[in-house]
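This report refers to the structure that appears directly beneath it.
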Amino acid sequence: MSSDTLAQAPTAPEIPGPPAVPRIVPQRRYGQWTAALVVLVLLGLALDSVVRNRAFQWDVVAEYFTTGSVLRGLWLTLWLTAVVMVLGFAFGTLLAAFRLSANPVLRAVGWGYVWLFRSIPILVQLLLWFNIGALYPTVLGVKTVDLLSPVAVAVVGLTLHEAAYAAEVVRSGILSVDRGQIEAAQALGLSRWRRWRRIVLPQAMRSIVPPAGNMLIGTLKGTSIVSVIAVNDLLFSAQLIYHRTYQVIPLLMVATLWYAVVTTVLGIGQAYVEKYYARGTGGAR
């Protein structure tokens with residue numbers, strides 16, 4: 001075959017290759033980076049002012065941070081928080097059952113209690129209980145003043161206040177459980193107790209634990225209000241010291257740091273409990 005014939009022979013068409021992948025350029029967020037830089041600078045200046053400000057007297061803070069009176073006040077704060085949470089949620093669960101009851105009288109009583117104790121500020125409630133002797137000088141032949149010490153007044157006042165909020169937390173958690181699952185458990189012949197223990201409560205806890213954890217931390221901080229009725233909690237212990245030494249700021253920082261430490265520990269515990277009850281729902285991270 002001549003070279004002219006080869007030159008005239010048709011060539012095979014070129015197979016197009018895959019299209020070129022366009023280059024993805026991330027969006028430049030100059031505004032966000034500028035704002036973040038400004039926030040970091042401001043935080044650095046604030047931290048520097050706290051660390052280098054001699055008025056905080058950090059040496060005094062270190063001196064009193066673990067003194068016996070402060071630790072005893074801290075122990076009373078922790079004890080008071082635990083007792084109030086246990087009693088508050090026990091009473092609150094009963095009130096939640098009242099509010100979910102088919103009996104209109106129980107529903108009205110539960111609603112009235114929640115309305116009343118959520119309407120009165122906790123400080124007013126504590127002062128009322130502290131001065132209850134003016135209304136009822138004796139109870140069962142015993143002087144009310146002798147019956148209710150400041151610590152007992154704090155337990156009663158905080159518990160009754162906590163129960164009103166705990167009732168709503170428990171009620172909302174129970175209502176979050178799908179009614180169809182309860183009906184299915186009834187169809188299987190499960191007893192009422194087993195339905196609550198195996199079906200309702202495990203699912204309700206997913207909705208109860210987060211607000212209950214927040215209530216626990218709020219109660220811990222809220223116990224500081226009992227210092228107005230001379231309960232020797234953490235804040236009152238710090239106040240007793242600075243009334244004697246006039247070192248107000250460092251002693252308030254001692255109380256502040258202890259509250260921060262305890263709330264941090266409680267927050268970590270809350271995260272683990274939430275993760276436990278979120279198993280199998282896609283909510284555990």
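The basis for the numbers below is simple: all heavy atoms, side chains too, and nothing from hydrogens, waters or symmetry mates. Throughout, numbering of the chain's residues begins at 1 and tracks the sequence.
Rounding to the nearest 0.5 Å places CG of L87 at 11.0 Å from CE of M85. Atom CZ in R206 sits 13.0 Å away from atom CD in E274 (nearest 0.5 Å). A distance of 11.5 Å separates CG in L74 from OG1 in T66, rounded to the nearest 0.5 Å. Distance check: D233 CG to W79 CH2 gives 12.5 Å after rounding to the nearest 0.5 Å. Distance CG/L40 to CG/L45: 11.0 Å, rounded to 0.5 Å. The structure places CZ of F65 at 8.5 Å from CG of L71, a figure rounded to the nearest 0.5 Å.
Around the CH2 atom of W58, the shell of radius 6.0 Å holds more than 12 heavy atoms that belong to other residues, nucleotides or ligands.
Y64 is listed as a side-chain neighbour of T245, based on a closest heavy-atom distance under 4.5 Å. Looking at heavy atoms from C-beta onward, W129 lies out of side-chain contact with L158 at the 4.5 angstrom threshold. For the pair S224 and L234, the minimum side-chain heavy-atom distance is 4.5 Å or more. With contacts defined as side-chain heavy-atom distances shorter than 4.5 Å, the pair F56/V61 does not qualify. Looking at F117 and Y165, their side chains never come closer than 4.5 Å, going by heavy atoms from C-beta outward. Between L76 and T223, every side-chain heavy-atom pair lies at or beyond the 4.5 Å cut-off. Contact check for V254 versus I241: no side-chain heavy atoms found under the 4.5 Å cut-off. Between L47 and L43 there is no side-chain heavy-atom pair separated by less than 4.5 Å.
Within the 3.5 Å criterion, the main-chain N or O of I249 finds no donor-acceptor partner in the side chain of Q57. Here the side chain of T159 pairs no donor or acceptor atom with the backbone of V156 at under 3.5 angstrom. Within the 3.5 Å criterion, the main-chain N or O of E168 finds a donor-acceptor partner in the side chain of S172. The backbone N or O of P210 sits less than 3.5 Å from a side-chain atom of Q270, completing a donor-acceptor pair.
The heavy-atom pair separating A260 from T264 by the smallest distance is O-OG1, 2.6 Å. When all heavy atoms of A204 and S176 are compared, the pair lying nearest together is CA-OG, 4.4 Å. Across Q239 and S227, no two heavy atoms sit closer than the pair OE1-CB, 3.8 Å. Considering all non-hydrogen atoms of both residues, G88 and A166 come closest at O-CB, 3.7 Å. Closest non-hydrogen pair, A46 versus S49, comes out as O-OG, 2.6 Å. Among all heavy-atom pairs drawn from T77 and Y259, the shortest one is CG2-CE2, 4.3 Å.
Using cut-offs of 30° and 60° on the angle between ring planes, the pair F91 and Y113 is perpendicular.
W115 and L160 end up in the same hydrophobic cluster when Ile, Leu, Val, Met, Phe, Trp and Tyr side chains are linked at under 4.5 Å. Under the 4.5 Å side-chain heavy-atom criterion for ILVMFWY residues, no single connected hydrophobic cluster contains both V86 and V170. By the criterion of side-chain heavy atoms lying less than 4.5 angstrom apart, applied directly or through intervening Ile, Leu, Val, Met, Phe, Trp or Tyr residues, V114 is not grouped with F98; the two fall into different hydrophobic clusters. Follow the hydrophobic side-chain contacts under 4.5 Å out from W258 and you never reach W75; the two are in separate clusters. One hydrophobic cluster, built from ILVMFWY side chains closer than 4.5 Å, holds both I132 and V228.
Residues that satisfy the ring pair (Phe, Tyr, Trp, His ring centres under 6.0 Å) test with F236, not counting sequence neighbours, are absent from this structure.
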_side-chain contact (heavy atoms from CB on, under 4.5 Å) assessment of L95 paired with V109_ = CA-CA 8 Å; L95 290 171; V109 170; 5.7 Å; no
_side-chain contact (heavy atoms from CB on, under 4.5 Å) between L240 and N232, worked out_ = CA-CA 9 Å; L240 288 178; N232 200 5; 3.9 Å; yes
*Between I217 and V262, is a side-chain contact (heavy atoms from CB on, under 4.5 Å) present by the stated rule, with each step listed?*
CA-CA 9 Å; I217 294 174; V262 177; over 6 Å; no
